[in-house]
Amino acid sequence: MEDIEHIPKELKLIDAKGIRLDGRRADELRPIKIEAGVLKKADGSAYLEWGNNKVLAAVYGPREAHPRHLQDPAKALVQCRYNMAPFSVTDRKRPGPDRRSVEISKVISEAFSAVVFVEQFPRTSVDVYIEVLQADAGTRCAGLTAASVALADAGIPMRDLVTSCASGKIGGVVALDLNKDEDNFGEADCPMAIVPRTGEIVLLQMDGHLTAAEFDEAMELSIGAAKQIYELQRDALRRRFASVAEAAQREAEREPPREEPPREMPPEMPEDLPPEVDDL
Amino acid sequence: MTAEVISELLREHINRLAATGKRTDGRAFDEPRPLTVQKNYIKNAEGSARVQLGDTDVLVGVKIDVGEPYPDTPNQGVLSTSAELVPLASPTFEAGPPSPTAIELARVVDRGIRESKTVNTEKLCITPKEKVWIMFIDIHALDYDGNLFDAASYGALAALSCAKVPASKIGKEDYPLPLEHWPISVTAAKIGGNVLVDPNLDEERIAAARITVTTDENGDIRAMQKGLRGSFSLDEVRAAIRTSQRVGKGLRGIIQRA
Amino acid sequence: MDGSAPERREVVIPGDLLNGHGLKPGSGTFNEGGRIYAARVGIVAEREGFVDVIPLSGRYIPRPGDVIIGKITDLGPSHWLVDINSPYPAPLNAKETPWMVEFGDTDRYLRVGDVILAEIVSVDEAMRVQLSMADRQFGRLTGGQVLDISPAKVPRLIGRDGSMVALIREFTNVRMFVGQNGRIWIDGDPEGVHHAAHVIKVIDASGPAPGLTDQVRAYLEAAYGRRATTPAERDDDGRH
């Protein structure tokens, strides 16, 4: 990577006091900010900043699955497309999918398929689009975390939100949430996604070198951080819907809305039948 | 793009309004939607801007890298423009290789910038015939509510206007991209017998024809593009040029001040 | 309510444990290990022994009996295909119309792009939908315009016993039909349509939640310079 020059070889990614180059401790997350419902055309959306990562996620659906032969008569497909904008990285990335983004899309789709009540929407697809606008390591975790909020924003029924985080090893120390330099020069990176309520791991990848004990340590860090991130996701959704909630509550206190008969207005139908009809 | 059936009610409604000089969102025929511009939105890009034209939202990034010049312009930098209509931005956009729509969009934006000599490309030469700076303009649609042409071209201009040439990469000092002109495109749609500036999505969907006129700060024409299956009379084209000159002034100011 | 303020229920989020003691899991919820959880973003409501989560967002899912506004997207010799703003396209059989449609003659009656008012007569387990336009209150809509709102907001637009719609009609005099699928058809004089459309947008965007009816009434009273004849509704927050 072209960023290498500014880090001298002998420089330690983490010092004797356990402080990292960006000033964090080993168990500290970068700052995270989430906002739900940021796009007009999508059924659900979220914007997320995580350190220097900037990510947008949109959900469309459930909608008719295309092409038709993909339709599952018993359930909805959850289809994720993770994409990096060409200007999101230091060296311009050619537009369009590469092998890395296809793989990430696949494992994120599978992670969400574990929580979405897919059997409620046979023959449809729930399309999840993640656009990485600015990348600084950890984009799949940022994208998945944002997409989870977008799914809830879209009203997709699910067992829980999914929360994602990574831990790795830098300068011989297991550390949470590696930034780009740490990812490039560290010894290992291990992104995961979890269903916080149940503790189920729904995404797990790892590259580098960890002992089994270090893996346990890394997972402990990630699971602890996921709890914080989960609260940020939930807070974003509460803020998004706070203003609607109270008024909707009044509706809820009477008969359920679905029973609302449309009786109050059979429209005076215009005389609109085609002339031929009158002849029949 | 997936084909979309247009509701006849929508078509009649917009036509009926237009016949009385009105639009669905209350604008005058020659009134663009509010434009907001945020420059330097992406730190990994040499220049960038997020532009909202009404509810249309576009992010444009400029990356500047060392590359080879074209043989016929050995001492000039190179401009390359691409657009991605990612499916995040609209239910009608599909993943896949660039659609003809995306290619036309990128080329029309490119033409306005190129033909008005927005950037002095001679100042982007490193070693004649060998090394020059290449500008990659990447247009990324985020939310599509009509008239991507203008939103993208304002985004591209804004991103160029704050871009820095990363000369420190070759042991020199970074310097601002040498920007010399401010081309502004103004797109209009023909609906019934009327020509409406900056069509929103509903208007765009029922438009018979579309015209984009890019003018510079002197009011001279630098690029044009007529689109869709309908046609314009010569008088309508002349009117579109006058409108572009007039409306473009205000928009140029917004982009310069952002 | 009178005296005792109602319990403020917060927005629930998928995975939230609901206080479903003695209740059965209703719509928008699920049961896991004997506990009831929210399956979607919404607010909690209890009725008839069930605990439900009333959604605040989401696409329209067809249900039998719903009256909807649809758009013809395709046709065959004896049916039309209708976009009902849901994940499921809905066929309308020629027999389910007031007309005697001969085989192959469908486009004499409804064409691609036409907008209709129809009823959902059935939805099977695979979410195959059947529409009907046979009743005389249904048919093709002409004139006017269709506004789209979030289907989750339809109950709010209708209001308690139709009060919100009645309020909008009283002032604006528009003809209006609220499809359960989030499509609203309105027609009338330009000023009335303008104000009605504004109010519909406000309701869709939701604004400050308490006293939505008051807010709409105040807007309409100001726009028309007169008071509403319908009595102010008693809001549940005890303001009246």
Within the distance-only criterion (no hydrogens, no angle test), does the side chain of A:Lys41 pair as donor or acceptor with the backbone N or O of B:Asp55 below 3.5 angstrom? no
Are the side chain of B:Asp138 and the backbone N or O of A:Ala85 linked by a donor-acceptor pair below 3.5 Å? no
Chain B shares the most heavy-atom pairs under 4.5 Å, among A:Val59, A:Asp136, A:Leu56, with A:Leu56
With chain A, which of B:Asp145, B:Asp65, B:Val62 has the greatest number of heavy-atom pairs at distances under 4.5 Å? B:Asp145
Between A:Lys40, A:Arg81, A:Arg63, who has the most heavy-atom pairs with chain B when the cutoff is under 4.5 Å? A:Lys40
Nearest atoms (heavy-atom pairs only) where B:Leu88 meets A:Ala57: CD1-C, 3.9 Å
Heavy atoms of other groups near B:Glu68 CD, more than 12 under 6.0 Å: no
Against chain A, work out which of B:Pro87, B:Ala95, B:Ala45, B:Ala89 has the most heavy-atom pairs shorter than 4.5 Å and name it. B:Pro87
Scanning both residues in full, the closest heavy-atom pair of B:Leu59 with A:Leu133 reads CD2-CD2, 3.7 Å
Say whether, by atom type as modelled, one donor and one acceptor occur between the side chain of B:Asn44 and the main chain of A:Phe87 under 3.5 angstrom. no
Any idea which of B:Gly61, B:Pro98, B:Pro166 has the most non-hydrogen atom pairs under 4.5 angstrom with chain A? B:Gly61
Euclidean distance, A:Asn83 CG relative to B:His140 NE2, rounded to 0.5 Å: 5.0 Å
Cation over ring, A:Lys54 on B:Tyr41, under 6.0 Å and within 45°? yes
Between the CZ atom in B:Phe136 and the CZ atom in A:Arg94, the distance rounded to the nearest 0.5 Å is 9.5 Å
Chain A heavy atoms under 4.5 Å from B:Leu142: which part of the residue, side chain, backbone, both or neither? both
Decide if atom CZ of B:Arg205 counts as having more than 12 heavy atoms of other residues, nucleotides or ligands within a radius under 6.0 Å. yes
Is it the case that over 12 heavy atoms from other parts of the model lie below 6.0 angstrom from the NZ atom of B:Lys39? yes
Student check: side-chain heavy atoms of B:Ser82 and A:Arg92 closer than 4.5 Å: yes
So B:Lys43 and A:Asn52, side chain to side chain contact (heavy atoms under 4.5 Å, CB included) or not? Walk me through it. CA-CA 8 Å; B:Lys43 80 168 178 61; A:Asn52 283 320; 3.3 Å; yes
Okay, A:Ala150 and chain B: the region with an atom under 4.5 Å from a heavy atom over there is neither
